[in-house]
Amino acid sequence: MTAEKINKRVRYFRDEFYELVQQIPYGRVSTYGALARALGDVRASRTVGKLLNENPRPIEVPCHRVVMSQGELGGFGLGLEMKRELLANEGISLVNDMVFDFHSILYTDFESDEPLKFLREEQRSLARCVRAEDDHTPLETVGGLDVAYHGDTGYATLSVWSEGKELRSTTIRGVAHMPYIPTYLSFREMPLLLELLEEVDRMPDMLMVDGNGIMHPRGLGLASHLGVVLDIPTIGVAKSMLCGRLEHEVTPHDPVSPVTLGDTTVGYALLSGSRTKKPIYISPGHRVSPELALETVMRYCSYKLPEPVRQAHITSTKKRNEERCLNG
DNA sequence: GCGACAG
DNA sequence: ATCTTGTCGC
């Protein structure tokens, strides 16, 4: 049910984006960053490039009018020579592949309700419901979650573990409507994960999610979002650091360091696995303390990632590859 | 110029 | 995460 609620908010994100691109007037240019700001967050600039690359209606949606922040040409799916030609046809000249008189033809005055702004507000609001404290429910079973993609078709897997062994796993296939944008991951993956969890008859006592918990600029990474929406204990396990400060470097001799955001400890970096160079980043999702989150992950760490997450990753990737093979 | 940007 | 049309801050 919540899956539909989130999808309703994000289903038309792409269409809204292409409408923004259509606002760029003939004979003018805009930039990836300006479009990202019109979406509501400059962090989306790389996603803007990706969406333009997937532009289903070139010319009609004039993605050739989008260039880089300093007036450099940028990329083009149909070949850069085509982009140069389309710009020349509109009287836009290039010198050394830089837009001539860039600042006087730059268009940034988009009319937009900035959809990412609303999603941020949603995150701030839900973040107030997060409890990063121990819940004292017994942790007999722990589930790991991960999603593998083929384009926007996602294969989401839950792998359930107890006493060091996998008990069962479930995988579903679905479509992600929202593109990936840093700090907005949950709006892409939550609907798939919620559909997956509706399929299972016994919910594990704890879920480990591939992504962050409260170690997030607005305190609501994927693990926290999922934990709050379902009101279940969750832990975030990320492979790189989205935000926060390492208290100290981690080494094989000193493999654990707190990660702080402002003056609070939001989680830990852990160097696990025998030849691992980069740590993983563990934070409470919901109904667990940073310390118990760390302890629980460590208990399941044979390699770099805790087994439930590692196995979910292996299984979802395998399913994706099997189906990709069948389709050609 | 290099590295950071959850997946 | 794939498969490749970025931006910002140091």
Side-chain angles (χ1 to χ4, degrees), chain A residues 17-18 21 24 29-37 39 41-55 58 61-84 86-87 97 99 123 145-157 176 178-190 192-193 208-226 235-246 259 261 266-267 269 278-283 285 305 309 312-313 316-317 320-321 324:
Chain A
F17 170 72
Y18 292 121
V21 180
I24 308 169
V29 296
S30 191
T31 70
Y32 302 96
L35 279 163
R37 288 188 181 93
L39 287 173
D41 195 328
V42 69
R43 270 186 270 222
S45 10
R46 246 190 340 194
T47 306
V48 164
K50 192 175 152 74
L51 292 177
L52 292 175
N53 182 234
E54 295 165 3
N55 181 7
V61 175
C63 59
H64 59 279
R65 294 178 195 147
V66 183
V67 299
M68 293 178 71
S69 61
Q70 305 305 308
E72 312 97 312
L73 190 51
F76 201 64
L78 304 176
L80 278 183
E81 200 41 57
M82 175 72 84
K83 187 169 185 176
R84 293 188 187 98
L86 288 167
L87 290 173
D97 270 352
V99 173
Q123 289 175 325
L145 289 171
D146 193 27
V147 186
Y149 289 96
H150 177 210
D152 288 318
T153 302
Y155 297 78
T157 298
M178 185 74 183
Y180 169 70
I181 299 171
T183 76
Y184 303 87
L185 171 65
S186 64
F187 295 103
R188 175 169 175 78
E189 295 205 341
M190 281 272 289
L192 284 173
L193 295 181
M208 287 182 190
V209 185
D210 195 349
N212 282 304
I214 62 173
M215 197 184 289
H216 179 279
R218 295 171 289 282
L220 196 88
L222 174 60
S224 296
H225 198 159
L226 189 67
I235 297 173
V237 180
K239 293 181 288 298
S240 67
M241 200 160 81
L242 176 62
C243 65
R245 203 185 92 249
L246 264 191
V259 175
L261 205 50
V266 289
K278 278 168 45 105
I280 58 175
Y281 301 86
I282 299 150
S283 60
L305 290 171
V309 171
H313 178 76
S316 60
T317 305
R320 191 266 318 269
N321 292 341
R324 213 201 311 212

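Proteins get letters first, then strands, A, B, ... in listed order; numbering begins at 1 in each. Just the heavy atoms: all of them, side chains too, but no hydrogens, waters or symmetry mates, feed the values below.
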(message) Would you say A:R37 places a side-chain N or O within less than 4.0 Å of OP1 or OP2 belonging to C:dC8?
(response) yes
(request) Specify the separation, in whole Å, of atom NZ of A:K83 and atom P of C:dT5. (result) 10 Å
(request) Let me know the distance between CG of A:D97 and P of C:dG6, rounded to the nearest Å. (result) 14 Å
(request) For A:Y281 and A:M241, work out which heavy atoms get closest and say how close. (result) CE2-SD, 3.5 Å
(message) With heavy-atom distances below 4.5 Å as the criterion, would you say the side chains of A:P217 and A:R43 are in contact?
(response) yes
(message) Given C:dA1, B:dC5, C:dT7, identify the nucleotide with an atom nearest to the side chain of A:R320.
(response) C:dA1
(request) Name the pairing partner of C:dT5, where a pair is Watson-Crick or G-U wobble with both distances under 3.5 Å, or state none. (result) none
(request) Provide the closest heavy-atom pair for A:G267 versus A:M215 in the form atom of the first, atom of the second, distance. (result) CA-CE, 3.8 Å
(request) Taking only the side-chain nitrogens and oxygens of A:H150, find out if one of them lies under 4.0 Å from OP1 or OP2 of C:dA1. (result) no
(request) Just compare C:dG6, C:dT5, B:dG7 and give me whichever is closest to any side-chain atom of A:C63. (result) C:dT5
(request) Nearest whole angstrom, please: distance from the C1' of C:dT4 to the CG of A:L78. (result) 15 Å
(request) Could you measure between the two P atoms, the one in B:dC2 and the one in C:dT5, and give it in whole Å? (result) 22 Å
(request) Counting heavy atoms from C-beta on, name the nucleotide in C:dC8, B:dG7, C:dT5 closest to the side chain of A:K239. (result) B:dG7
(request) Quickly work out the A:F17 CZ to C:dG6 P distance and round it to whole Å. (result) 12 Å
(message) Using every non-hydrogen atom in the two residues, find where A:G285 and A:S224 come nearest and quote the distance to one decimal.
(response) O-OG, 2.8 Å
(request) Looking at every strand, decide which applies to A:H313 at a 4.0 Å heavy-atom threshold: base, sugar-phosphate, or nothing. (result) sugar-phosphate
(message) Rounded to whole Å, please give me the gap between CE in A:M215 and C1' in B:dA4.
(response) 16 Å
(request) Starting at atom CG of A:L185, determine the distance to atom P of C:dT2, rounded to an integer number of angstrom. (result) 13 Å
(request) Taking atom P in both C:dT4 and B:dG3, compute the distance separating them and give it to the nearest angstrom. (result) 24 Å
(message) Categorize A:A36 for me: base, sugar-phosphate, or nothing, with a 4.0 angstrom heavy-atom threshold over every strand shown.
(response) nothing
(request) Take atom CE of A:M178 and atom C1' of B:dG7, then tell me their distance rounded to the nearest Å. (result) 13 Å
(message) Looking at every non-hydrogen atom in both residues, tell me the closest pair between A:C63 and A:L52 and how far apart they are.
(response) CB-CD2, 3.6 Å
(request) For the residue pair A:K239 and A:L305, establish whether any side-chain heavy-atom pair is separated by less than 4.5 Å. (result) yes
(message) Does A:H64 reach a base, just sugar-phosphate, or nothing at all? Heavy atoms under 4.0 Å.
(response) nothing
(message) Taking the P atom in each of B:dA4 and C:dC3, what is the distance between them to the nearest angstrom?
(response) 24 Å
(message) Measuring to OP1 and OP2 of B:dG7, would you say a side-chain N or O of A:S240 lies under 4.0 angstrom away?
(response) yes
(message) For a quick check of understanding: with a heavy-atom distance under 4.0 Å over all strands, which category does A:Y149 fall into, base, sugar-phosphate or nothing?
(response) sugar-phosphate
(request) Please state whether the base of C:dT5 and the side chain of A:Y32 form at least one donor-acceptor pair under 3.5 Å? (result) yes
(message) Without decimals, in angstroms, what is the distance between A:K50 NZ and B:dG7 C1'?
(response) 11 Å
(message) Counting the atoms with a prime plus P, OP1 and OP2 as sugar-phosphate, which does A:F187 contact under 4.0 Å by heavy atoms, base, sugar-phosphate, or nothing?
(response) nothing
(request) Looking at every strand, decide which applies to A:L51 at a 4.0 Å heavy-atom threshold: base, sugar-phosphate, or nothing. (result) nothing
(request) Could you pull out the closest heavy-atom pair between A:S45 and A:A36, with the gap in Å? (result) N-CB, 3.5 Å
(message) Classify A:T47 by what it touches in the nucleic acid, base, sugar-phosphate, or nothing, heavy-atom distance under 4.0 Å.
(response) nothing
(request) Scan A:G74 against the nucleic acid and name what it touches under 4.0 Å (heavy atoms): base, sugar-phosphate only, or nothing. (result) nothing
(request) Identify whether any heavy atom of A:N53 sits under 4.0 Å from a base atom; if not, whether one sits that close to sugar-phosphate; answer base, sugar-phosphate or nothing. (result) base
